[in-house]
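The structure appears below as structure tokens.
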Amino acid sequence: MQFASNPSYSDVIACVLNPIRERDLSTAALETIAIIAYRQPVTRLEIEQIRGVNSEYTVQMLLKNNLIEVVGRKDYGKSGIDVCRRISR
């Protein structure tokens, strides 16, 4: 069976047929975003020092979901440059 509708209602129909899916944050994501909120702007290296584990994937997922944003860079001298992040507005 096939349904047809008026093309002018396509936006409304798309919202009904494709609802926004909300996802819960993992424990790692909650820990990471709490650190960023408290210490912003903060680098991934600083987050990893506080948490004690690799946070690269978690930070990338928070960036992808627009929960945090890049705000600058921090120079660590010989050990390199890292990106500073903060909570998205």
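Listed by chain and residue number, nothing satisfies the side-chain hydrogen bond (donor to acceptor under 3.5 Å, both in side chains) test with T27 (two or more places apart in sequence, or in another chain). Every residue two or more places apart in sequence or in another chain was checked for a side-chain hydrogen bond (donor to acceptor under 3.5 Å, both in side chains) with D11, and none qualifies.
Summarising the geometry, atom CG belonging to L62 is positioned 8.0 Å from atom OG belonging to S26; distances are rounded to the nearest 0.5 Å. Note that OG1 of T58 and CG of L63 are 11.0 Å apart. Values are rounded to the nearest 0.5 Å.
Although no hydrogens or angles enter the test, the distance criterion places no donor-acceptor pair under 3.5 Å between the side chain of E48 and the main chain of V53. N65 places no side-chain N or O within donor-acceptor distance of the main-chain N or O of L67, the cut-off being under 3.5 Å. Checking side-chain atoms of T43 against main-chain N and O of E46 turns up a donor-acceptor pair under 3.5 Å.
No path of Ile, Leu, Val, Met, Phe, Trp and Tyr side chains, each step under 4.5 Å between heavy atoms, connects M61 with I50, placing them in separate hydrophobic clusters. By the rule that hydrophobic residues join a cluster once side-chain heavy atoms approach within less than 4.5 Å of another member, I68 and V70 end up as members of one cluster.
Heavy-atom neighbours of N6 CG from other residues, nucleotides or ligands within 6.0 Å: above the threshold of 12.
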Show me the donor-acceptor pairs within less than 3.5 Å that the side chains of residues 28-42 make with the rest of the protein, sequence neighbours left out.
residue	atom	partner	partner atom	Å
E31	OE1	R51	NE	3.0
E31	OE1	R51	NH2	3.0
T32	OG1	A28	O	2.8
Q40	OE1	I87	N	2.9

